[in-house]
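Both ligands and their constituent atoms are indexed starting at 1 by order of listing.
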Amino acid sequence: MTAVTIPPEITEAMKKVKHTIVVLSGKGGVGKTTVATNLAMSFAKKNLQTGILDVDIYGPNVPKLLGLEGQHPAADGEKIRPIMGPLGVKVMSMGFLLQRNDDAVAWRGPLVARAISQFLSDVKWEELDVLVVDLPPGTGDEILSILQLIPDMSGVIIVSTPQEVAVLDASRAIQLVKKMNLPVLGIVENMAEFVCPSCGQVHKLFGEGAAKKASDTYSVEHLGTLPFDPRVISLSDEGTPFVVKEPNSKVAKDFEILVQKLITKISIQV
Ligand SMILES: Nc1ncnc2c1ncn2[C@@H]1O[C@H](COP(=O)(O)OP(=O)(O)OP(=O)(O)O)[C@@H](O)[C@H]1O
Ligand SMILES: [Mg+2]
């Protein structure tokens, strides 16, 4: 694997960011963007200056999930300023730069890497305690080139559902990150169970055990599980971050536990 030198403009643009956490999955649709946005909100609830960066060029959903669709970043000299989201979280997304939110980006290979490199150098973040980065699905060349462009990252969180096929893709993601000598912070199992609101019965929607096995096989921490909650879906569609609207829910409490683990693991000053 050829090492890519991070352009100095990117390092400069991100130099006041203390901790960068990247959210990756392998398989699509397992909840990366949901985890990334709610994780950012949960860090902000701890009074940490937080940002979220959406590098998904094909499906930049962060503006939608945070109710910021249609906004356009202001120019600041040669740079652009992040949009101020809920709880003061600074938000930047490829979605803000596309003409229409259903624009299909048809860039390929090297053009993608160049566009992302430009994007990363152009954002004026200023001081941040934590920046959460949401990536597109997959473990291919594009993911690799994005990972190679992020300076001094604290590590990668791998999101998976408990389903074996999702864990298999997550394992590929773990191996990719390890091969790049980047730290894997651990696996988060999303949509692990559903508690029936009427009878209280627990349903393991996607099975169980596979993620634990993968975390043992690859010696990465199992950072926790998040339940399936149908309100996550409706609130996402409304553009309201779940952990802000439903702070007493099990999902919000599990995010609090996750954030606390990460604060300890990467020594974030609270
Ligand atoms: N814990 C949860 N409970 C209920 N629904 C959830 C949960 N997590 C995610 N979802 C729903 O699952 C779907 C996929 O989530 P999301 O968009 O976050 O996945 P993704 O991994 O970012 O997808 P992509 O690979 O397309 O970027 C969404 O409809 C989201 O609302
Ligand atoms: Mg996503």
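Through direct or relayed side-chain contacts under 4.5 Å between Ile, Leu, Val, Met, Phe, Trp and Tyr, Val202 connects to Val195.
A salt bridge links Arg172 with Asp169; the closest basic N to acidic carboxylate O contact falls under 4.0 Å. Ionic pairing of Lys265 and Glu221 is present here: one or more N-O contacts between side-chain nitrogen and carboxylate oxygen are shorter than 4.0 angstrom.
Defined by atom type and a distance below 3.5 Å, a donor-acceptor pair is missing between the side-chain atoms of Lys90 and Gln49. Using modelled atom types, one finds a donor on one side chain and an acceptor on the other under 3.5 Å when comparing Ser25 with Lys32.
The environment of NZ in Lys18 is sparse: at most 12 heavy-atom neighbours from other residues, nucleotides or ligands sit within 6.0 Å.
A heavy-atom cutoff of 4.0 Å around ligand 1 is satisfied by the protein residues Gly28, Gly29, Val30, Gly31, Lys32, Thr33, Thr34, Asp56, Pro137, Asn190, Met191, Pro227, Phe228, Asp229, Val232, Ile233, Ser236.
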In residues 223-236, what donor-acceptor pairs under 3.5 Å come from side-chain atoms, sequence neighbours left out?
from: Asp229; atom 1: OD1; to: Arg231; atom 2: N; distance (Å): 2.9
from: Asp229; atom 1: OD1; to: Arg231; atom 2: NE; distance (Å): 3.2
from: Asp229; atom 1: OD2; to: Arg231; atom 2: NE; distance (Å): 3.4
from: Asp229; atom 1: OD2; to: Arg231; atom 2: NH2; distance (Å): 2.7
from: Arg231; atom 1: NH1; to: Glu246; atom 2: OE1; distance (Å): 3.3
from: Ser234; atom 1: OG; to: Arg231; atom 2: O; distance (Å): 3.3
from: Ser236; atom 1: OG; to: Val232; atom 2: O; distance (Å): 2.6

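Linking ILVMFWY side-chain heavy atoms closer than 4.5 Å, directly or via other members, places Leu205 and Phe242 in two distinct hydrophobic clusters.
Excluding water, every protein N/O/S atom under 2.8 Å from the Mg ion (ligand 2) is given here by residue and atom: Thr33 OG1.
Going from atom CG of Leu87 over to atom NZ of Lys46 covers 13.5 Å, rounded to the nearest 0.5 Å.
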